[in-house]
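Structure first, commentary second.
Residues take their numbers from the sequence shown, with the count starting at 1. Just so you know, ligand 1 is whichever comes first in the structure, and atom 1 is the first atom listed for that ligand. None of these values were measured; they are calculated from a predicted model.
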Amino acid sequence: MSDNPKAVSNFIRQRIDADLAAGRVDEVVTRFPPEPNGYLHIGHAKSICLNFGVAEDYRGRCFLRFDDTNPEKEDVEYVASIKRDVHWLGFDWQDRLTHASDYFEKLYAFAVELVERGKAYVCSMNMADIRASRGTLTEPGSESPWRNRSVEENLNLFARMRAGEFPDGAHVLRARIDMASPNLNMRDPVLYRIRHQAHQNTGDAWCIYPLYDFTHCISDALEGVTHSLCTLEFEDHRPLYDWVLDNTSVPCHPQQIEFSRLSLDYTVMSKRMLTRLVNEGDVSGWDDPRMPTISGLRRRGYTPASIRDFCGRIGITKSDNRVEMSLLESCIREDLERSAPRRMAVVDPVKLVVTSYPEDREESFVAANHPADESFGTRKVPFCREVYIERDDFMIDPPGKYFRLAPGREVRLRYAYLVTCTGYETDEDGRVTEIHCTHDPASRGGNAPDGRKVKGTIHWVSARHGVSAEVRLYDRLFVEENPAANRDRDFRDALNPGSLKIASSALVEPALAGEAAETTFQFERLGYFCVDPDTSPARPVFNRTVTLRDTWARKQGRAK
Ligand code: ATP
Ligand code: MG
């Protein structure tokens, strides 16, 4: 039984429990089989957590197998990124890194076996004609004129296909099943095609390549996979999966079990679409922090723990798995609430002059790095006569319930002093350029000496000591919940033009300069941020991972 009492059960785990109890399986073996034709995304994370998670919990084994049968679209860059991402998520394949292409020789031998048994034949129709003769859901297909070639002729042609004697498309190898099957996948599916194309793993060794339906089941069997977990679109392929295994001398017969794919609101998850976003320059790359890719989420500031937590919460079922982005965001918020040190940064600064504070004076205040966890320690935050505060923390004519700074009002500059606004300056457009305050010297550290109530507390950064920084603020990549739903227009028409806003005149406290990429912080009152790889000590760059609260839901709520 499962080793992990915390894992939430699901129909797959129940099935594994039953297989183990009945002795049908001794050791659970799974695989995660990405095709290296793009970067992994959050949907893949669901499959990774399931496959590696099940293997871990049942003390079994999980293979990372590259499903690399389509050399045109595959690339070593993708292979490297997939390995990096699986590791980063916290899973380890140990010595079980394989490729479907490792089995090309064996796959060829199983194909020969099918031919010898009269279960496969070389068909010389072109792909368009094969497709046209496949029939429809209501009409049977028609048999290929090459269907009754002799075994000898088939063996000879198949060997010559492999030897490179024919151009692309001249012949294919097809299974000989049933052109009248109600399941279109069973109507003599193509098993091999000719492609004179170098392969990222096997180079020029092959010019015929096996198709997914033939390759996957045999690769599973060769690795001793017990439970081959895949997404629902493969349900109709299961009879073919079983047919290939039943008609070849493979060492075992794995069970294919399907679960529903994850879809996230306001993004797309198909690799074809993600590739277009990258190629059309809609995003800066596969790791753009707005992308639903693992590397994008990582750059955005997501942690492996938050993604695994998310995958646990969405669960595994057979029903539609459209999930709100806010669920993913609440997972990272919860994680960073515990794990991110606090700092002060001002994203949209306006100057505040403490006119009662001597020009040549400076002091520093001790600030806690985490309000609830002393082990985070403290740091010193420098202060002087001029500080910057957030522009929207000051209003000339504030509405009710606005507790921040306004003319005549007193607020707390966090950790520093209570200050009272005595005036302000504006430019010719009425935009505030400077705010004037006096401070209460007896309120050092930000405490009211006489216990008077000061409702507002705002953050600030010393003008003299602050470090100028770039802060990248992200919003949803698309303005529609399901950008892929409308097939009459390009999904890219639903891109959100405001998905990235760059605050280039942000100011951060000196403790934030020189931090390494991927370090995460809470900027007090603003949200969670992480250091972007574009950072430098002289010009730190931060990404906003997520705001402190689900402001987006609020915005939507108001709009309704
Ligand atoms: P494509 O979009 O190119 O068809 P894919 O998204 O299916 O590809 P693969 O590389 O074939 O990508 O996926 C590897 C594994 O991850 C497969 O077992 C697949 O079922 C699973 N997977 C892919 N997308 C999702 C998703 N959105 N939710 C859950 N699992 C997924
Ligand atoms: Mg796929």
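- The ligand atoms of ligand 1 that sit less than 4.0 angstrom from a heavy atom of Pro34 are 10 (O), 14 (C).
- His237 and Tyr241 have their aromatic ring centers separated by at least 6.0 angstrom.
- Of all the atoms in ligand 1, the ones that sit under 4.0 Å from a non-hydrogen atom of Thr231 are 19 (C), 20 (O), 29 (C), 30 (N), 31 (C).
- Near Pro33, the atoms of ligand 1 lying under 4.0 angstrom from a non-hydrogen atom of the residue are 14 (C), 18 (O).
- Checked by distance only, ligand 1 and Lys46 stay at 3.5 Å or farther apart across all their nitrogen or oxygen atoms.
- Not less than 6.0 angstrom separates the ring centroid of His171 from the ring centroid of Trp146.
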Run the ring-ring contact (aromatic ring centres under 6.0 Å, His included) check on Phe91 and Phe52 step by step: do they pass? CA-CA 7 Å; Phe91 296 104; Phe52 280 94; 5.5 Å; yes
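- Aromatic ring centres of Tyr209 and Tyr192: separated by at least 6.0 Å.
- Remark: ligand 1 and Arg272 share no N or O pair separated by less than 3.5 Å (distance only, no angle test).
- Taking any N or O of Ser270, backbone or side chain, none lies under 3.5 Å from an N or O belonging to ligand 1.
- The ring of Phe259 has its center no closer than 6.0 angstrom to the ring center of Phe234.
- When only interatomic distances are considered, the shortest N/O to N/O separation between Leu262 and ligand 1 falls below 3.5 Å.
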Arg13 vs Asp57, test: salt bridge (charged side-chain N to carboxylate O under 4.0 Å, His left out). Steps then yes/no. CA-CA 10 Å; Arg13 285 174 182 260; Asp57 292 349; 2.8 Å; yes
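- Contact atoms of ligand 1 toward Glu35: 9 (P), 10 (O) (distance under 4.0 Å to a heavy atom of the residue).
- By the 6.0 Å contact criterion, CZ on Arg117 is enclosed, its count of non-hydrogen atoms from other residues, nucleotides or ligands being greater than 12.
- Compare Glu233, Arg261, Lys73 by their heavy atoms: the one nearest to atom 7 (O) of ligand 1 is in Arg261.
- At under 3.5 Å, not a single nitrogen or oxygen of Phe259, backbone or side chain, sits near a nitrogen or oxygen of ligand 1.
- Atoms of ligand 1 found under 4.0 Å from any heavy atom of Ser47 (numbered from 1 in listed order, with element): 16 (O), 21 (C), 30 (N).
- Defined by atom type and a distance below 3.5 Å, a donor-acceptor pair is present between the side-chain atoms of Glu223 and Thr98.
- Distances below 4.0 Å separate heavy atoms of Asn37 from the following atoms of ligand 1: 3 (O).
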